[in-house]
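The structure appears right after this line, and notes come after that.
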2 protein chains.
Amino acid sequence: MKFSTKGRYGLRAMVDLAVHSQGEQVSLYSISERQGISMNYLEQVFAMLKKAGLVKSIKGAQGGYILSANPADIKIGSILRVLEGTLSVIDERGEVTSGNQTSVRYCIQVNVWDRMNAALNEFVDSLTLEDLADNYRKINGIGETMYYI
Amino acid sequence: MKFSTKGRYGLRAMVDLAVHSQGEQVSLYSISERQGISMNYLEQVFAMLKKAGLVKSIKGAQGGYILSANPADIKIGSILRVLEGTLSVIDERGEVTSGNQTSVRYCIQVNVWDRMNAALNEFVDSLTLEDLADNYRKINGIGETMYYI
DNA sequence: ATAAAACATAGCGGAATAGTTGGGATAAGG
DNA sequence: CCTTATCCCAACTATTCCGCTATGTTTTAT
């Protein structure tokens, strides 16, 4: 019932990126320093994020990563699903749907697991990277326009 | 992000017990047969449920388990918390609350994890064993009064 | 050329999962 | 009484997953 470090670190890194990239790429090293996350491990996380198209990379010296889209268009759910797989409180599903629908198992699937999954996914899809970045800036007293002065 | 077999099997077993116990104890063997779950493994699950006071046991031949309370008074959340531990999408909590509240980490804790945890727990605490047992009986065309004829 | 970065992949130690095994203790029924 | 059904308890094991670390290779700005 827990998210792994992939999802937790990855989400932190994405918020960090949203906050610190002013339209420019940000090096993994700087994210790893600010967030206290191992560089090597972050590389693995970003390989997944890149493959999924959530970030773009710029190679070579002074390279780094940058968000592929506007933070307002990146759902937290998209990030978590890339790093954690389908967000579901249980693995199996096929068995029970194709099986008999009169079992206790099916009853629980429909009334408990399916509804929990729906609640989880609706929530994480209702939040965007911008929501989190804005909240972070608010707490830290950083006005959004400050970057453009 | 998944429930383990403890929680899944345990919940099924509890619904089975609610459905098949007409105020009488039910043997683990019969539950294990109906649900297709290893008897020995179920014993471990019921040891936890008993320790938590959700079921009572009757020893000896013709013994078995029986719910400690009315199904309407047993929340699904209580069962799952006994078998899975605190229902939370991440382990840590102390660190980040005692730490600096200006971190990205704290921002995510408050806006994502805490709210997910709240949603999950509210849901499982809004459902009772009776809800599931009733739904099961409805699907299987078994009127509740049938047992008293 | 050099250094800074992304990119790729392999391996590894520890913990958790999902059981199995093997034996008790207890009580009902014959 | 004695057998049998049942709960009870503890330890053992096989497998998988997690959370990294390590070691490179490739690309590019300076």
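First the proteins, then the strands, lettered A, B, ... as listed; each starts at 1.
- The interatomic distance linking A/Y9 (OH) with D/dC20 (P) rounds to 4 Å, in whole Å.
- Only at 4.0 angstrom or more do the heavy atoms of residues 45-57 of chain B sit from any atom of DNA chain C, so none qualifies.
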* Starting from the C-alpha separation in whole Å, work towards a yes-or-no answer on side chain to side chain contact (heavy atoms under 4.5 Å, CB included) for B/I108 and B/V104. => CA-CA 6 Å; B/I108 292 173; B/V104 168; 3.9 Å; yes
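- Atom pair A/L42:CG and D/dG19:P shows a separation of 14 Å (rounding to whole Å applied).
- Put simply, B/Y65 has no side-chain N or O that comes within less than 4.0 Å of OP1 or OP2 on D/dT6.
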Please tabulate, for side-chain N and O atoms in residues 74-86 of chain A, each donor-acceptor pair with protein atoms closer than 3.5 Å (sequence neighbours left out).
residue : atom : partner : partner atom : Å
A/R81   : NH1  : A/N121  : OD1          : 2.8
A/R81   : NH1  : A/D125  : OD2          : 3.4
A/R81   : NH2  : A/D125  : OD1          : 2.7
A/R81   : NH2  : A/D125  : OD2          : 3.3
A/E84   : OE1  : A/S4    : N            : 3.4
A/E84   : OE2  : A/S4    : N            : 3.1
A/E84   : OE2  : A/S4    : OG           : 2.9
A/E84   : OE2  : A/G7    : N            : 2.9

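- Residues meeting the side chain to side chain donor-acceptor pair (under 3.5 Å) test with A/D73, sequence neighbours left out: none.
- Annotation: side chain to side chain donor-acceptor pair (under 3.5 Å) contacts of B/N70 (sequence neighbours excluded): none.
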Can you tabulate the close N/O pairs, meaning under 3.5 Å, that link protein atoms to atoms of nucleotides 23-30 of chain D?
residue : atom : partner : partner atom : Å
D/dT28  : O2   : A/A61   : N            : 3.4
D/dA29  : O4'  : A/A61   : O            : 3.4

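- Minimum heavy-atom separation, A/L120 to B/M1: CD1-CE, 3.4 Å.
- Listed by first and then second residue, the salt bridge (Lys or Arg N to Asp or Glu O under 4.0 Å) pairs that reach into residues 44-60 of chain A come to none, sequence neighbours excluded.
- Residue pairs meeting the salt bridge (Lys or Arg N to Asp or Glu O under 4.0 Å) criterion with at least one partner in residues 14-43 of chain A, sequence neighbours excluded, are A/D16-A/R34.
- With sequence neighbours left out, the ring-ring contact (aromatic ring centres under 6.0 Å, His included) criterion links B/F3 to A/W113.
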* Asked: Going through the distances and angles, do B/V112 and A/L132 end up as a side chain to side chain contact (heavy atoms under 4.5 Å, CB included)?
  -> CA-CA 9 Å; B/V112 185; A/L132 295 182; 4.0 Å; yes
* side chain to side chain contact (heavy atoms under 4.5 Å, CB included) assessment of B/L17 paired with B/F46 -> CA-CA 11 Å; B/L17 183 50; B/F46 271 79; 4.1 Å; yes
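- Bracketed by its first and final contacts, the part of DNA chain C lying under 4.0 Å from non-hydrogen atoms of chain B reaches from C/dA18 to C/dA28 in 5' to 3' order.
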N/O contacts under 3.5 Å, protein versus nucleotides 16-18 of chain D?
none

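- For B/S21, the side chain to side chain donor-acceptor pair (under 3.5 Å) criterion is met by no residue, not counting sequence neighbours.
- Take B/Y29 and apply the side chain to side chain donor-acceptor pair (under 3.5 Å) test, not counting sequence neighbours, and it matches no residue.
- No donor-acceptor contact under 3.5 angstrom links the side chains of A/Y136 and B/S103, judged on distance only.
- Dashed line: the shortest gap from a side-chain N or O of A/S38 to OP1 or OP2 of D/dT21 is under 4.0 Å.
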